[in-house]
Every structure is written in C-alpha cells, then in structure tokens.
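All ligand and atom numbering here is 1-based and tracks the order in the structure. Residues take their numbers from the sequence shown, with the count starting at 1.
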Amino acid sequence: MVLGMITQANIILIGPMGSGKSSVGKQLAEKLHRSFFDSDIEIEKSTGVKIPLIFELEGENGFRKRETQTLKKLVRKKQIILATGGGAIIREYNRQLLQNNGIIVYLLTSIDTILERTKWDQNRPLLQTENPRLKLESLMKSRAPLYENLAQLTVATDNRTLQEVVESIIDNLT
Ligand code: S3P
C-alpha cells in the first residue's frame with residue numbers, strides 16, 4: 001500500500017519509451033474513473049505537429065523546454081492519471097515538479113522488451129538510429145537510477161499483460 005492516497009492524488013507514470021505509460025494510463029484512468037493526460041500528446045496538440053518534427057526543428061533542448069511547460073500545466077490538474085515522456089525525469093526541475101504533485105509509479109521494463117515494443121515505431125526520434133539497443137543502453141544507464149529514486153511504486157511490465165500491470169498498480173495503491 002502506498003500512502004492510501006489513491007482517491008486524492010494524481011497518479012504519474014514514469015518509465016522508458018515502450019514501457020506502456022500511455023496504454024496503462026488510459027486503462028487505469030478508465031478503471032478509476034479519472035481523466036487521463038499524456039504529456040507528449042498535449043505537446044503535439046499545442047504545437048500542431050508530431051514530436052519528431054519538434055526534434056528536427058528545435059532540437060532535443062527545444063522539445064525539453066516544451067515538455068517542462070506542458071508538465072507544469074498538467075500537474076495543476078486534480079486527481080488525474082498522467083503519462084510522462086521517457087525523458088521527463090532528466091531535468092531536476094521536472095523531477096521536483098512531479099514529486100510534489102502526485103504519486104509516482106515507475107513501469108520497469110527491460111531493454112529487450114522496449115526494443116520489441118518499439119521496433120516498428122517511427123515516432124520516437126531518439127530511437128531512429130543505426131543501433132537502437134546501444135542508444136537505449138546508454139539512456140537507461142543515466143535514467144534508470146532517476147526512475148528508481150523518484151518512484152513510490154515500481155511495477156515490472158516484462159511478460160505481463162496490460163491488464164496485469166493495471167491491476168498490480170491498483171492493488172498496490174489502494
Ligand atoms: C522520449 C520519450 C518519448 C518522447 C520523446 C522523448 C525520451 O515519450 O517524449 O520522443 O527521451 O525517452 P515516450 O516515453 O512516451 O515514448
């Protein structure tokens with residue numbers, strides 16, 4: 001049980017690309033009768049373009065600025081389920097923001113699983129490289145400790161169905 005705060009707090013999903021934050025978030029929101037927001041989708045809505053184009057035009061740094069602005073707006077909402085982008089935890093500012101505004105759930109996922117789930121995906125600019133495994137290894141080396149430290153609850157997603165992951169979150173938070 002984490003704090004027994006499920007009826008009050010925002011639930012914020014963190015984890016790498018392909019960990020299932022958006023799919024899990026949507027289903028969790030349905031089950032708990034909450035609203036669901038996905039920070040990447042909000043960025044796409046506010047700019048009117050897809051994320052790869054933002055990376056192309058403004059670089060990763062430009063995207064990160066937009067991501068922080070979007071997270072700031074989203075965490076003001078109450079009792080929502082929020083799916084963050086895989087890199088949202090890089091900035092110290094964002095980590096504080098998330099920590100102060102919800103229960104943080106980390107969807108722990110292996111690199112093999114991430115690769116399997118993202119192999120046909122062209123909407124993730126960081127993985128459009130010759131060797132996505134190498135890229136993910138390097139990202140996870142710096143990011144995994146941040147995910148771990150930030151999370152109040154960690155749920156493994158490898159070899160588990162969406163349903164199982166969602167149930168596990170609900171069981172642990174209520
Ligand atoms: C990113 C993850 C993506 C998106 C962007 C950068 C990252 O979100 O924010 O492509 O740095 O890991 P998902 O985790 O939803 O794929």
Looking only at distance, does Gly86 have an N or O less than 3.5 Å from an N or O of ligand 1?
yes
May I ask you to identify the nearest protein heavy atom to atom 16 (O) of ligand 1, giving residue, atom name and distance to one decimal place in Å?
Arg124 NE, 2.6 Å
Considering only protein heavy atoms, which is closest to atom 10 (O) of ligand 1, and at what distance to one decimal place?
Pro125 CD, 3.6 Å
Determine whether any heavy atom of Arg64 lies closer than 4.0 Å to an atom of ligand 1.
yes
Decide whether an N or O pair under 3.5 Å exists between Glu60 and ligand 1.
no
Using distance alone, decide if ligand 1 has a nitrogen or oxygen within less than 3.5 Å of any nitrogen or oxygen in Lys21.
yes
N or O pair under 3.5 Å between Ser22 and ligand 1:
no
Does ligand 1 have a heavy atom under 4.0 Å from the side chain of Leu139, from its backbone, from both, or from neither?
neither
What protein heavy atom lies closest to atom 15 (O) of ligand 1? Include the residue and the distance to one decimal.
Asp40 OD2, 3.2 Å
For ligand 1, note which part of Arg143 has a heavy atom under 4.0 Å away: side chain, backbone, both or neither.
side chain
Please state whether the rings of Tyr147 and Tyr106 are parallel, tilted or perpendicular, taking 30° and 60° as the class boundaries.
parallel
Looking at Leu74, Ile12, Asn94, Val75, which one forms a side chain to side chain contact (heavy atoms under 4.5 Å, CB included) with Ser39?
Leu74
